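Shown next, in structure tokens, is the structure this report addresses.
For clarity, every value in this text was computed on a predicted model and none was experimentally measured. So you know, we letter chains A, B, ... as the sequences are listed, proteins then strands, and number each from 1.
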2 protein chains.
Amino acid sequence: MVEKDNGVIGAGAPSGEERGLHSEGTLLIRRLERLAPLHDDDRRALLELPIRAKAHYADQDIVREGDRPTECGLVLKGFVFRHKLVADGRRQIVSFNPAGEIPDLQSLYLPRLDYSIGTLVPTRMGYVPHQALRALVQSRPSIAAALWREIVVEASIFREWMVSLGRRSAYQRVAHLLCEIGLKLEMAGHGTRSEYEFPVTQSELADALGISTVHANRVVQELRRTNIVVWRGSSVTILDWRALQEAGEFDPAYLHIQ
Amino acid sequence: MVEKDNGVIGAGAPSGEERGLHSEGTLLIRRLERLAPLHDDDRRALLELPIRAKAHYADQDIVREGDRPTECGLVLKGFVFRHKLVADGRRQIVSFNPAGEIPDLQSLYLPRLDYSIGTLVPTRMGYVPHQALRALVQSRPSIAAALWREIVVEASIFREWMVSLGRRSAYQRVAHLLCEIGLKLEMAGHGTRSEYEFPVTQSELADALGISTVHANRVVQELRRTNIVVWRGSSVTILDWRALQEAGEFDPAYLHIQ
DNA sequence: CGCATGTTTGAGTTCGTTCAATTAGCGTGG
DNA sequence: CCACGCTAATTGAACGAACTCAAACATGCG
């Protein structure tokens, strides 16, 4: 019932590396502009960033806990997630990152990665050398401010996830996550808050919400049974946004939109 | 059996406001120096920051979710925690912050606070206007780097808490937290990793770990019964650090010390 | 001494887990 | 076009970690 290989890049085959994808810079600009006003010079500087594009297969770790990256990865196309392993082999997913996000921005100032980044689907990443990004941060205050906000909003999302993991029921967690992903994707221009593509398996969903796969399945079914959500394969349709929002106690303030 | 009012500030009575506590700046310097090398000029600039010191009673919220602070609060003495409320009146504590930390550093770039800050004990805070701090960030790259790291390490701690909340048993969560607090306090120069003051009630502990008060109590008793920890009132003594670390699957890498 | 806050204990309940199949969807090769 | 094999989704049943409720016990303080 699920097809994760929705042919984002050909048949999922990485087509090697490309260089100087000038146009890809606009993705970054659009995102940062939502967080802080940018000057023309800022935009120009962003466009001149050296970006090395690279394609990755689905279900692959692209960096691992403990790595010391020398560049930051911007998700150009696809969907990634960050996760941490625990002793018995289980894992906790700590974020989902659609195209437009920079899941290892922190590596700019912290050498050692404390999580892994994996792909949900075939994904194209754009890698920007730390050096180049650091130079921008020092010469362009608005870009520094935007990146700072990026980090800080992300921390806010972590806190909200902590609330879900610690104090919400499994049902509420699923509802809350679906609202969050909807808003995130809508902001990034991928679908609307109530109709979008979210290519996770129920097992990935469970690992993000701190529940078992079996239980994730039952909760999703419950959401379907009550006609709040249609979720087939990777396409999510929220039939009753208000009901979902209430079910998950979802208050978007923590996303700091605007 | 618990005495939270351990006379941090007289009998817990705020002694009003003080201004220009020049010496308090050194606390901030010591902390930032651990995160990034500082120049003499940087130190001087930090010492010249206008700091308004203010005392707060125990068990008081000093800022609330939704507030829009115009200054950042440095914990000078005492202990605070950040928390978020959920609909039914329960809450999730998302961090504990001993003296030396700046629990609302993010407000520098995000106007609206998405959590509340409360005191565990009588606490003295030092407030630094955003304006002054922003000026420093723009004029002194090393200070900017240190603050950036501060934020990013904090996000790393959030992720580790998510792992605890999502994938560790109650027993592991308590063990993990005790290790973390021990290291944090030792780094900050308050006691050692295996002998320190942690002035939380079991109810606060429970709210941080996403469990019920009753269960928190039972787990703490278990830790005592096995002679791993002595925890009387607010003073924690870890008799067997190695055992505690193993019990909580504690790997300090996520604290990014060094 | 008595109140207030915090800790401890017991007992019944529940939400979510684990284990173990079964079913469904889809790509591949014949 | 169909059988095979893979992955993911679904189901049932027994179990268990943690919860709730309710009461008792400590301890510090005025």
- Query: What pairs with A/Phe81 under ring-ring contact (aromatic ring centres under 6.0 Å, His included), at least two apart in sequence or on another chain?
  - Reply: A/His83
- Rounded to whole angstrom units, what separation is found between the CG atom of A/Leu205 and the C1' atom of D/dA8? 13 Å
- Query: Of all heavy-atom pairs between B/Gly100 and B/Leu74, which one has the smallest distance, and what is that distance?
  - Reply: O-CD1, 3.5 Å
- Item | Qualifying residues under ring-ring contact (aromatic ring centres under 6.0 Å, His included), relative to B/His256, sequence neighbours excluded | none
- Kindly compute the distance separating CZ (B/Phe158) from CD (A/Glu154), expressed to the nearest 0.5 Å. 11.0 Å
- Item | Terminal axis angle for the helix from C/dC1-D/dG30 to C/dG30-D/dC1, five pairs an end, nearest 10 degrees | 30°
- Integer-rounded Å distance: C/dT8 C1' and B/Trp231 CH2: 15 Å
- Task: Determine the contact category for B/Arg90: base if any of its heavy atoms lies under 4.0 Å from a base atom, sugar-phosphate if only primed atoms, P, OP1 or OP2 are that close, otherwise nothing.
- Result: sugar-phosphate
- Partners passing side chain to side chain contact (heavy atoms under 4.5 Å, CB included) against B/Arg168 (at least two apart in sequence or in another chain): A/Val86, B/Glu160, B/Val163, B/Ser164, B/Gln172, B/Arg173, B/His176, B/Glu249
- Message: Could you tell me how far apart B/Asp59 (CG) and C/dT5 (P) are, to the nearest whole angstrom?
- Response: 10 Å
- To the nearest Å, how far apart are B/Arg224 CZ and C/dT7 P? 9 Å
- State which residues pass side-chain hydrogen bond (donor to acceptor under 3.5 Å, both in side chains) with B/Tyr196; sequence neighbours excluded, sorted by chain then number. none
- Rounded to the nearest angstrom, tell me the gap between atom CG in B/Leu209 and atom C1' in D/dA17. 15 Å
- Query: Got a sec, which residues hit ring-ring contact (aromatic ring centres under 6.0 Å, His included) with A/His215, two or more places apart in sequence or on another chain?
  - Reply: none
- Between P of C/dT7 and CZ of B/Arg232, the distance in whole Å: 11 Å
- Item | With sequence neighbours excluded, residues passing side-chain hydrogen bond (donor to acceptor under 3.5 Å, both in side chains) with B/Gln106 | A/Arg159, B/Asp114
- Round to a whole Å and report the spacing from CD of A/Gln202 to C1' of C/dG25. 13 Å
- Where along residues 210-222 of chain A does a heavy atom come under 4.0 Å from DNA chain D, residue by residue in number order? A/Val214, A/Asn217, A/Arg218, A/Gln221
- Message: Quick check for you: among C/dG16, C/dT7, C/dT8, whose closest atom lies nearest to any side-chain atom of B/Thr201?
- Response: C/dT7
- With sequence neighbours left out, write down each residue that passes ring-ring contact (aromatic ring centres under 6.0 Å, His included) with B/Tyr115, or none if nothing qualifies. none
- Task: Mind calculating the distance between CZ (A/Arg167) and P (D/dC19) to the nearest angstrom?
- Result: 7 Å
